[in-house]
Amino acid sequence: MANTILVTGGAGFIGSNFILQWLEAEQGGVVNVDKLTYAGNPENLRDADPARHLLVQGDIGDTDLVSCLLAEHRPVAVLNFAAESHVDRSIHGPADFIETNVLSTFRLLESVRAYWLELEPEARTAFRFLHVSTDEVFGSLGPEDPAFSESTPYAPNSPYSASKAASDHLVRAWHHTYGLPVLTTNCSNNYGPFQFPEKLIPLMILNALEGRPLPVYGDGLNVRDWLYVGDHCAAIRRVLKDGRTGETYNIGGCNEQKNIDVVNLVCALLDELSPRSDGRSYREQITFVKDRPGHDRRYAIDARKMESEFGWRPAETFASGLRKTLQWYLSHPDWVNNIKNGTYREWVRQNYAERN
Ligand code: NAD
Ligand code: TYD
């Protein structure tokens, strides 16, 4: 199919939202290479038109597989969402993060470079490799520090952010050394449909509805800059279309929130949308638990480059995006129940037992 893109990690949270949005808004096909780890869920793509979307189970580090897919489908761009993405898991077991985020990304870059070199001149000029990264590579801000800009030095603090920083550096070097036409985006915390309930917002929603404690780490005053996933996906589409190769783009919600405020807002919305049978507030389930080791205090993104170059701004407010998100979880009990399998329960036991 003409104008095909190859997406990696497209069965995960952001990748699947991106593919669904792409199929709505753009022309052409999507080849989706996903290892289908615990975080990858083909159900997320149930509404993707099978005539335009092909899911292939595989590792981005599998050079033979990726090279075959590139040769067969001739994509105009590769978008790399695939990663191990959860900080707490990276603390419990960093090896998978180094394996996928560093080594497999390196192998992916090499497969893509070989493909790109063989393209006809016009196609080679138009080709793009877009690498999806995080604001966590910049480390932690003090309360008065300016938000992260594209020129903020990298200072990653967790195994997750260090592995993502390494991948960003590889992508940068493949541009600088080999001329690969790359784009990198560094985005703040996302929330929205299909997010795996190990991350703050879906974990709080599901725990609240199950009558379980809402575990807030430390004093609950850590700050994150929350962005609705659909806004992130729209920003990525824009960078892919108009971004300048070799550049990085910071994407954020202009929406700094303390964790405790986020949890209180989730509780207030649930009190309205799905009240507890005893008439009391979900707030009563909030429990402060032992902090995450090395917990970054504050992240904030300066997204002025996205705004000045592309006029991009988030469309959702936190209130509207959070309401949509809660409504999505409340109206998809099958998706939620399928997630809560033995592996998920084992993770929850492992991560939270030691905090109590
Ligand atoms: P996710 O964990 O929900 O999904 C990751 C996907 O990658 C899963 O489908 C998984 O099966 C797949 N995957 C993992 N290892 C793979 C491998 N070796 N080969 C192929 N597929 C593999 O993550 P997410 O939240 O959707 O994040 C997507 C990307 O966006 C990541 O690179 C992450 O670092 C970045 N990011 C996430 C956030 C956020 O708030 N979630 C914010 C900024 C940036
Ligand atoms: P998370 O969703 O894991 O994203 P990240 O660590 O990548 O920012 O966590 C968001 C914030 O919420 C972070 O400061 C840690 C905190 N948090 C809790 O307080 N309790 C929890 O159970 C989880 C998962 C996170």
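Remember, it's a predicted structure, so these values are computed and weren't measured experimentally. Every number for a ligand or one of its atoms is a count from 1 in the order of the listing.
- At the shortest separation from atom 19 (N) of ligand 1 among protein heavy atoms lies Ile60 N, 3.0 Å.
- With respect to atom 29 (C) of ligand 1, the closest heavy atom belonging to the protein is Phe81 O, 3.2 Å.
- A perpendicular orientation is assigned to the rings of Trp174 and Phe106, their planes being inclined by more than 60° (bins at 30° and 60°).
- Remark: minimum distance from atom 43 (C) of ligand 1 to any protein heavy atom is reached at Cys187 O, 3.3 Å.
- Side-chain rings of His86 and Trp347 approach one another, their centers coming within less than 6.0 Å.
- Qualifying salt bridge (Lys or Arg N to Asp or Glu O under 4.0 Å) partners for Asp145, counting only residues two or more places apart in sequence or in other chains: none.
- Among protein heavy atoms, the minimum distance from atom 21 (N) of ligand 1 is reached at Lys35 N, 3.0 Å.
- Nearest to atom 8 (C) of ligand 1 among the protein's heavy atoms is Asp34 OD2, 3.6 Å.
- Salt bridge absent: Asp296 and Arg224 never bring a charged side-chain N and a carboxylate O closer than 4.0 Å.
- Inter-residue side-chain proximity for Val229 and Gln195 is flagged as unmet; no heavy-atom pair is nearer than 4.5 Å.
- At a heavy-atom distance under 4.0 Å, no atom of Asp135 approaches ligand 1.
- Taking the side chain as every heavy atom from C-beta outward, Thr4 and Arg74 never approach each other to under 4.5 Å.
- For ligand 1, the polar-atom distance check against Ser104 finds no nitrogen or oxygen pair separated by under 3.5 Å.
- Using a non-hydrogen distance threshold of 4.0 Å, Tyr160 registers as a contact of ligand 1.
- Counting only heavy atoms of the protein, atom 4 (O) of ligand 1 lies nearest to Gly12 CA, 3.4 Å.
- Between Glu198 and Arg89, at least one side-chain nitrogen of the basic residue sits less than 4.0 Å from a carboxylate oxygen of the acidic one, meeting the salt-bridge criterion.
- Considering backbone and side-chain atoms together, Glu198 places no N or O closer than 3.5 Å to any N or O of ligand 1.
- Atoms of ligand 1 lying under 4.0 Å from at least one heavy atom of Val132, given by number and element, are 30 (O), 32 (O).
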Expected rows: ligand 2 N/O, protein N/O, dist below 3.5 Å:
unit_1	atom_1	unit_2	atom_2	d
ligand 2	2 (O)	Leu200	N	2.8
ligand 2	3 (O)	Arg292	NH2	3.1
ligand 2	4 (O)	Asn189	ND2	3.3
ligand 2	6 (O)	Arg292	NH1	2.5
ligand 2	6 (O)	Arg292	NH2	3.2
ligand 2	7 (O)	Glu136	OE2	2.5
ligand 2	8 (O)	Asn189	ND2	2.9
ligand 2	8 (O)	Arg224	NE	2.7
ligand 2	12 (O)	Asn259	ND2	3.4
ligand 2	14 (O)	Arg224	NH2	3.2
ligand 2	14 (O)	Asn259	ND2	2.9
ligand 2	14 (O)	His295	NE2	2.7
ligand 2	19 (O)	Tyr217	N	2.9
ligand 2	20 (N)	Pro215	O	2.8
ligand 2	22 (O)	Pro215	O	3.3
ligand 2	22 (O)	Tyr352	OH	2.6

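- Counting heavy atoms only, Ala83 comes closest to atom 5 (C) of ligand 1 of the residues Ser133, Ala83, Gly58.
- For a threshold of 3.5 Å applied to N or O pairs, the pair formed by Thr100 and ligand 1 contains at least one separation below that value.
- The pair Glu99-Arg107 meets the salt-bridge criterion, with a side-chain N (NZ, NE, NH1 or NH2) lying under 4.0 Å from an Asp/Glu carboxylate O.
- Using a non-hydrogen distance threshold of 4.0 Å, Thr8 does not register as a contact of ligand 1.
- Under a 4.0 Å criterion applied to the non-hydrogen atoms of Gly40, ligand 1 contributes the atoms 8 (C), 9 (O), 11 (O).
- Contact annotation: for Glu99 versus ligand 1, there are no heavy atoms closer than 4.0 Å.
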Would you sort out whether Asp59 and Ser104 count as a side-chain hydrogen bond (donor to acceptor under 3.5 Å, both in side chains), showing the intermediate values? CA-CA 8 Å; Asp59 193 314; Ser104 290; 3.2 Å; yes
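- Within a 6.0 Å radius of CZ in Arg280, other residues, nucleotides and ligands contribute 12 heavy atoms or fewer.
- The shell of residues lying under 4.0 angstrom from ligand 1, judged by heavy atoms, includes Ser188.
- At a 3.5 angstrom cut-off on N or O pairs, Glu84 does not count as close to ligand 1.
- Remark: side-chain polar atoms of Tyr115 are paired, donor with acceptor, to backbone N or O of Pro75 under 3.5 angstrom.
- Ligand 1 has no N or O atom lying under 3.5 Å from any N or O atom of Tyr38, backbone or side chain.
- Atom 3 (O) of ligand 1 has Phe13 N, 3.0 Å as its closest protein atom, hydrogens excluded (heavy atom only).
- Taking 4.0 Å as the cut-off between side-chain N and carboxylate O, Glu354 and Lys290 do not count as a salt-bridged pair.
- Nearest-heavy-atom check against atom 2 (O) of ligand 1 across Gly252, Ser85, Gly61, Ser163 picks out Ser85.
- Between Arg349 and Glu346 there is a salt bridge, with a side-chain nitrogen of the basic residue lying less than 4.0 Å from a carboxylate oxygen of the acidic one.
- Classification of Arg238 and Glu309 as a salt-bridged pair fails, no side-chain N sitting under 4.0 Å from a carboxylate O.
- In summary, Arg355 and Asp88 engage in a salt bridge, as defined by a charged side-chain N under 4.0 Å from a carboxylate O.
- Annotation: atom 36 (N) of ligand 1 to nearest protein heavy atom, Ile14 CD1, 3.9 Å.
- Looking at Glu316, its side chain never comes within 3.5 Å of a backbone N or O of Asp231 through a donor-acceptor pair.
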